Amino acid sequence: MSHHIVEVKHLQHTYPDGTIAIKDVSFRITHGESVAIIGANGAGKSTLLQHLNGCLEASSGQIRIGDTLLSKGTLPDIRRTVGMVFQYPDDQLFMPSVFEDVAFGPLNLGLTDDEVVLRVRDALERVGAGHLTAKPPYHLSGGEKKRVAIASVLAMSPDILVMDEPTSGLDPFARRQLMALLREFQHTKIFTSHDLDMVLELCQRTIVLHEGVIMADGPTGEIFLNDALLAACRLEKPFSMQGCPVCAGRNGTEKTLQHT
Amino acid sequence: MISINAAVIDLKRLELLADLDSPIHRLDARAKVLVTLVFIISVASFGRYELARLLPFFIFPVAIAALANLPPFYLIRKTLLISPFILMIGMFNPVFDHTVLYQIGQTEISGGWISLASLFIRSLLTVGAAFILVGTTGFTAVCQALERLGVPQIFAVQLLFLHRYLFVLADETGRASRARELRSCGRRGLGTVSFGSLAGHLLLRTWQRAERIHGAMLARGFIGRFHAHRRGYFGGSELCFVVGWSLLCLSLRTFDITTTLGTLLTGVFP
Ligand SMILES: Nc1ncnc2c1ncn2[C@@H]1O[C@H](COP(=O)(O)OP(=O)(O)OP(=O)(O)O)[C@@H](O)[C@H]1O
Ligand SMILES: [Mg+2]
């Protein structure tokens with residue numbers, strides 16, 4: 001299916017205040033790939049992702065989802081295809097109750113009431129938020145909000161899943177649950193994260209972004225072995241590749257402490 | 001400024017009341033919107049010196065709130081919140097209007113005071129009815145009902161956005177003032193100067209946030225139409241509800257029940 005291809009060509013984005021957040025970014029992600037976009041704070045990850053469903057408009061460059069060029073006319077279709085979880089769940093939850101919020105997308109897809117109820121329940125179950133159905137979103141904890149925000153996107157069954165730091169703020173169990181869920185998701189998925197262990201576990205491919213430019217794009221394993229590259233981009237190896245601090249003795253301990 | 005936060009949460013509580021289940025909640029939104037409109041028009045169309053004839057109208061909010069299990073004190077508190085605004089509007093009535101309307105012993109009651117009291121009661125009734133409508137129906141459903149009753153879609157959606165924006169504004173205000181309070185160490189911060197920049201900042205922040213929320217709505221397939229999950233069906237009970245309450249409101253509006261009842265009672269017990 002050429003349906004789930006994401007192609008970005010010479011993308012550039014300048015914010016109204018003159019900040020150039022993305023400078024000439026190009027990549028092509030094919031069907032079923034699982035790709036991580038990593039980089040330091042302010043590298044432009046969120047800015048890049050928000051282009052993929054047209055929340056931000058490119059200053060120049062092209063984006064193609066499947067066979068469709070992203071433009072004003074094709075936006076509704078593209079938004080149906082690309083499900084997007086934003087970095088801040090507060091921006092994503094706006095209905096008076098969790099149920100209504102998760103139901104918002106499916107209702108817009110024109111599903112019948114029964115289907116909507118099924119989808120909402122299923123999506124909330126999958127992120128472990130089934131008990132929150134009746135609560136108002138603003139009474140949830142940070143991680144609960146995040147889970148509901150993820151459910152609200154899952155409920156639309158998108159073909160391409162785009163997530164901005166999906167595991168930030170989640171407790172270890174919820175993080176595992178989400179990772180299992182992502183592993184299950186067969187279609188194309190793209191996410192940014194500072195959780196490099198998750199990246200190592202879930203993504204065959206990683207794109208390293210630094211100050212709006214792609215510094216590397218390749219197999220995750222190789223990228224995490226390139227110390228010079230990681231240092232230059234304010235990154236480091238995932239903890240699982242750093243060796244056990246307790247077993248490795250003093251050196252290792254210091255190294256880990258430094259980074260926590 | 002915790003009070004701002006508290007006020008917002010309180011307002012949101014009204015929204016949550018709509019999720020309760022009661023015979024009133026189950027009625028089609030259109031029926032409730034229609035009856036509330038008839039009620040508001042009947043109450044608002046009384047003359048400015050009318051007082052006694054307004055009192056029987058309290059039966060509507062009281063009956064609906066009771067049937068719908070809405071918390072009475074919460075509603076009363078919310079409704080009374082608007083009294084400063086009414087007083088501001090009606091403040092000058094007693095000053096300018098000295099026509100003596102009633103005389104109780106030595107005290108003369110001028111038309112100004114009567115019209116102020118009348119304005120007050122009419123406002124309480126109409127605002128209370130509007131709150132009860134939202135509390136039994138939900139704002140989204142009210143807007144949808146308006147649309148299905150023939151109001152152009154664009155107005156209904158505008159109304160909804162306005163309502164949402166109010167929450168965003170209140171939310172951001174609460175956060176910003178909390179941040180300011182925490183760092184002004186119990187003093188007044190930098191006084192009016194910091195308040196001015198706070199207000200400007202707030203406008204930009206709410207704007208941005210509203211834009212991001214709009215983005216999230218678009219991302220989930222929003223195309224200018226809201227869906228409520230309680231599907232409406234205008235059936236027999238709705239018809240009875242509308243006809244019954246409208247008849248009551250209209251007859252209270254046209255016939256002077258208070259005086260009739262008064263004469264009847266005084267006639268029976270002289
Ligand atoms: N609305 C805006 N106006 C101006 N500049 C902005 C705006 N939003 C972000 N920026 C700038 O664009 C750059 C990229 O920001 P972006 O949010 O994409 O970073 P990020 O990689 O997601 O970082 P993080 O890991 O902290 O989430 C930053 O330098 C930031 O200051
Ligand atoms: Mg970001």
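Since the model is a prediction, treat every value here as computed from it, not as a measurement. These numbers come from the heavy atoms of this one structure, side chains and all, not from hydrogens, waters or symmetry mates. Chain letters run A, B, ... following the sequence lines, proteins first, then strands; residues in each count from 1.
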Determine whether more than 12 heavy atoms belonging to other residues, nucleotides or ligands lie under 6.0 Å from atom CZ of Arg175(A). yes
Value for OH (Tyr88(A)) from CD1 (Ile213(B)), rounded to nearest 0.5 Å, stands at 14.5 Å
Is it the case that more than 12 heavy atoms not belonging to Phe58(B) sit under 6.0 Å from its CZ atom? yes
By a 4.5 Å heavy-atom criterion (distance strictly below it), what part of Leu16(B) contacts chain A: side chain, backbone, both, or neither? side chain
As an exercise: rank Arg209(B), Glu211(B), His214(B) by heavy-atom pairs under 4.5 Å with chain A and give me the winner. Arg209(B)
Near Ile154(B) CD1, under 6.0 Å, is it more than 12 heavy atoms from other residues, nucleotides or ligands? no
Could you check which of Asp90(A), Val117(A), Ile78(A) has the highest count of heavy-atom pairs closer than 4.5 Å to chain B? Asp90(A)
Side-chain heavy atoms of Gln92(A) within contact of Arg220(B), under 4.5 Å: yes
If you tally heavy-atom pairs under 4.5 Å against chain B, which of Arg80(A), Met156(A), Gln50(A) wins? Met156(A)
Report the C-alpha separation of Leu218(B) and Cys55(A) in whole Å, then their side-chain angles, then the decisive distance to 0.1 Å, and conclude whether the side chain to side chain contact (heavy atoms under 4.5 Å, CB included) test is met. CA-CA 8 Å; Leu218(B) 291 177; Cys55(A) 278; over 6 Å; no
Between Met217(B) and Phe104(A), is any pair of side-chain heavy atoms under 4.5 Å apart? yes
Any residue of residues 13-26 of chain A which, by heavy atoms, sits under 4.5 Å from chain B: none
For each of Gly221(B), Gly215(B), Ala210(B), Gly138(B), tally heavy-atom pairs with chain A at distances under 4.5 Å, and name the one with the top tally. Gly221(B)
Between Asp101(A) and chain B, which part of the residue has a heavy atom less than 4.5 Å away: side chain, backbone, both or neither? both
Take atom CG of Leu203(B) as the centre, draw a 6.0 Å sphere, and report whether it contains more than 12 heavy atoms from other residues, nucleotides or ligands. yes
